[in-house]
Amino acid sequence: MLVAQKDLRIELRSKVALNQVVPFALLVLVLFGFALDADRASLTNFTPGLYWVAILLASVLAVHRSVGLEAGEGAREGLLLSGMRPESVYLGKTLALIAQILVVALMMLGGVVILYEAPVDDGLLLVAALFGAVLGVGAAGTLYGALLGGQRARETVLPILLLPVLSPVLIAATRAFGDAMGTVATDGWQWTGLLFGFGAIYLALGVVSHGVLMEEN
Amino acid sequence: MSVVELDDVVVLLGRFPALAGASLRVDAGEAVLLHGPNGAGKSTLLRLCAGLLRPESGSARVLDTDLGRDRRSVRPRVGYVGHQSMLYDDLTVAENIRFWGRAAGVSTEQQEASARRMRIEERLFDVPVSRLSAGQRRRTSIAVAAARRPELWLLDEPHAGLDQSGRDIVDALITDAAASGGAVLVASHELDRVEPVVHRRVTIIGGTAVESEGTTRVR
Amino acid sequence: MSATGSRTTRVLGVAVLIGAALLVYLAFVATDPDVRIDATSGEEIGQFDAVRLIYVHVPAAIIAYLAFFVTAVGSAVVLKNRSVWWDLVAGASAEIGSLAAALALITGSIWGRPIWNTWWEWGDVRLLTTLVLFMLSLGYLAVRRLEGTAEMRAKRSAVVGLLLIVNVIIVNRSVEWWENQTLHQQSTIADATIEDLTLFTLFFSMFLGLAAYVWMLIHRFRLAWLERQDERFGLDEAIERRRAEAEGVST
C-alpha cells in the first residue's frame, strides 16, 4: 500500500502515464484507422482487437516506467535495505500499475467510441472485462518487470517476454469486448471470468516469486 | 562482541573477484576507517556487510548473522550510505524521508529528529530531490539511514560533496554511533578528515584487508 | 574431460545417425504414399506424399513439449535447492526444445499447404499453442543470456522456465475455449487405416527423435558444464591476480 501510494504520487508529479503513455496508445488507434483505410464498418468490427493490441503495447511502456522508478539511484537496494516484505512491494507496485493502466484504458475507451464509433451494448460487461484484463496485465507486467530489473537489455527483452504471456488476455478481452459491443456472438461473462482467473494466477505467482526476483545476486 | 567478522571472504562482481579473501573484525563501539586506492574493494566490502552482495566463499558474519545463509535479516539493521542516493527524484525531501521511514517502520518523530540532526533546512522539505545539490541529497540520504538507528553504520565516502558544516555533522554522527555502542565502517580517501574520529585504520588493496599498525585512539 | 563426448554418447550418436539413414529409407522408399479410393466417387483421395512429413513433424512436436517439461522440472529443482546441474540441464533442454518447436511449426506449415490448403490456420489449438510455446521459449533463452552472476541468472531463468509451462497450459486452455476446434487429425494410430509399415515408421521416428534429443541434451549440457568449469578455473587465477595488486603498493 505504501509502495502503491509512492508510485502513484510520483506519477501525479511526473505525469508520464498521462502525458506519454496515453498519447502513444491513442496514436496507435489513429494509425490503425489510417492503415484500415478509414473503413468504418471494419473499424467497428475490429474495435475490440485493435483496442486491446493498443492497450498491451501501451502497457509495456507503463511497465517500463514502473520498473524504471526502482532502477534509478539505487532505489531497489533501498527497498531491500528497508526490510519491507517483498510481497508487499510486489502488491504495491502491481496496484499502482493497475491504477495507471486502468486510467489509460478508460481514456482509450472514449477514444474508440469516438474514433471508431464503437457501439456499446453492455456497459457492465465492458467494465468488468476491462478490470479483469488490466488485473492480469498489471500482475504479469510487474512480475516480468521485476525479473528484468535494472538490466540494460530490459527495453528489448521485456516485450518479447511479456507479450506472448499476455496472449490469453488478448484473446479473452477481445472476445468479451466483442460480446459487449455486439460484434461477436459469444458469452462475454465467461471470458471475463477467464480474465479474472488469469489475473489471480499471476498475482499469486508474483507474490510467491518476488522475493527471489528482487535480489540482485 | 564482534559486529563484523569476515574471514577470507571472496565476493564476485560478475566474474571479477572484487574481494579476494578479505578478513576483518570490527567490535561494537568501534569506528574503523577503510582506505586504499580506487577499485581496491572498499565499496564492495561495505555492500557485502550491508547484505547486498553474496559471499562466494569464506565466512562472513555481520550482527551475529551468517551472510552466506541469511542476508535479509541483516539489511534493516545497518545504515548504508553509498554512492547512490537511494532517493526518488520526483518526490520531495519530506516525502522521501516519510516513505523510507514508513517502509522501515520508523516513527514520525524519529524521522523528524534525524532530519533536524542533519540540519536539512525547512525550506527544502517541499523541494523535489531532483532539484537538490549533491550535498543536500547526501544529507537527506544520511538522514533516512539515521532515522532507523542502525546498529552498524556503513558509510561510503560520506564526506563527498558536503560543505564544512555537513562534514562536521557526519563526524559527530560517527563519534556518537561508536560511543553509544554501535559500530562504524567508513570508506574514505580523506585520511586527515576521518582519522581523528576513528579508532582504527584498515587498508584495502587488491580485494584484501591489511590492518595498519600504530592505530591511534583519539577522543 | 576435454570433449563433450564419451563412449556412451559416441555410440548413441552413431546409432542416431544410422537410425536417421534408416528413417530416410523407410520414409521415402519403403512406405507407400497415402492414397485411398473414395468409396462413392471412385477418385483417388488421401495425403499422397505429404504424409511422409509426419515422420519429422510428430517427433519434433513431441520433443518440443518433452524438452520444455524437462526445463520446467529443472527450473523447479533450481528454485528449491540452487542446483547448478539442473540449471544447465534446463537451459540445454530449452535450446533443443526451441529448435524442435520451430521444426514442428515449419514442417506442419509445409504439410498444411497441400492438405488443409493453407500455410497457417488461425484457431487451431495445437498450432497456436505450439507457436506461443516457441515465442515463450525465445523469451526464456533471452533471459538466459542476460548479464549478471551465474546464480542470479539461474534463479531468473528458473522462474521464467517454470512460468513458461504455466503459460503454455493457460494459452492452450484459452485457445481451446476460443475456437474449440482443431483441424488436426485425431490420433489415427489406433485407426486401422494406417498400414503396418507406416505405423512402424512413425513409431521409429518418435523413438529416433527421442534418442536424438537425449544425445543433443548430453552434449549441450556437457558444453555448458565445461563453460562453468572454465569460469571456476579462471576464478582462482583471477583471485591470485587480484591479490597481487597489493604487492608493491606501500600502505
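First the proteins, then the strands, lettered A, B, ... as listed; each starts at 1.
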Original post:
Under a 4.5 Å heavy-atom cut-off, does chain A meet the side chain of B:Val106, its backbone, both or neither?
Top reply: neither
Subject >> Sole residue of A:Leu162, A:Leu147, A:Leu148 in side chain to side chain contact (heavy atoms under 4.5 Å, CB included) with A:Val157 >> reply: A:Leu148
Original post:
Any idea which of A:Val3, A:Leu79, A:Val89 has the most non-hydrogen atom pairs under 4.5 angstrom with chain B?
Top reply: A:Leu79
**OP:** With a 4.5 angstrom heavy-atom cut-off, could you sort out which part of B:Arg77 is near chain A: side chain, backbone, both or neither?
**Re:** neither
**OP:** Can you establish whether the number of heavy atoms outside A:Arg13 located under 6.0 Å from its atom CZ is more than 12?
**Re:** yes
Original post:
Are any of the side-chain heavy atoms of B:His189 and B:Asn38 separated by less than 4.5 Å?
Top reply: yes
Original post:
Which bit of B:Leu91 is near chain A, if near means a heavy-atom gap under 4.5 Å: side chain, backbone, both or neither?
Top reply: both
**OP:** For residues B:Tyr88 and B:Trp100, establish whether the separation of their ring centroids is below 6.0 Å.
**Re:** yes
Original post:
Would the number of heavy atoms belonging to other residues, nucleotides or ligands and lying under 6.0 Å from CZ of A:Phe131 be above 12?
Top reply: no
Original post:
Just how far is it from atom CG of A:Leu143 to atom OG of A:Ser209, taken to the nearest 0.5 Å?
Top reply: 4.5 Å
**OP:** With a 4.5 Å cut-off on heavy-atom pairs, point out which of B:Gly101, B:Gly51, B:Ser85 contacts chain A the most.
**Re:** B:Ser85
Original post:
Can you say whether B:Arg102 sits under 4.5 Å from chain A via the side chain, the backbone, both, or neither, judging by heavy atoms?
Top reply: both
**OP:** Using a cut-off of under 4.5 Å on heavy-atom pairs, state which of A:Gly83, A:Ser82, A:Gly78 scores highest against chain B.
**Re:** A:Ser82
Subject >> Which atoms of B:Ser130 approach chain A - backbone, side chain, both or neither, heavy atom under 4.5 Å >> reply: neither
Original post:
Looking at B:Val170, B:Val93, B:Ile120, which one forms a side chain to side chain contact (heavy atoms under 4.5 Å, CB included) with B:Arg139?
Top reply: B:Ile120
Original post:
Quick one: of B:Arg47, B:Arg137, B:His83, who has the most non-hydrogen atom pairs under 4.5 Å with chain A?
Top reply: B:Arg47
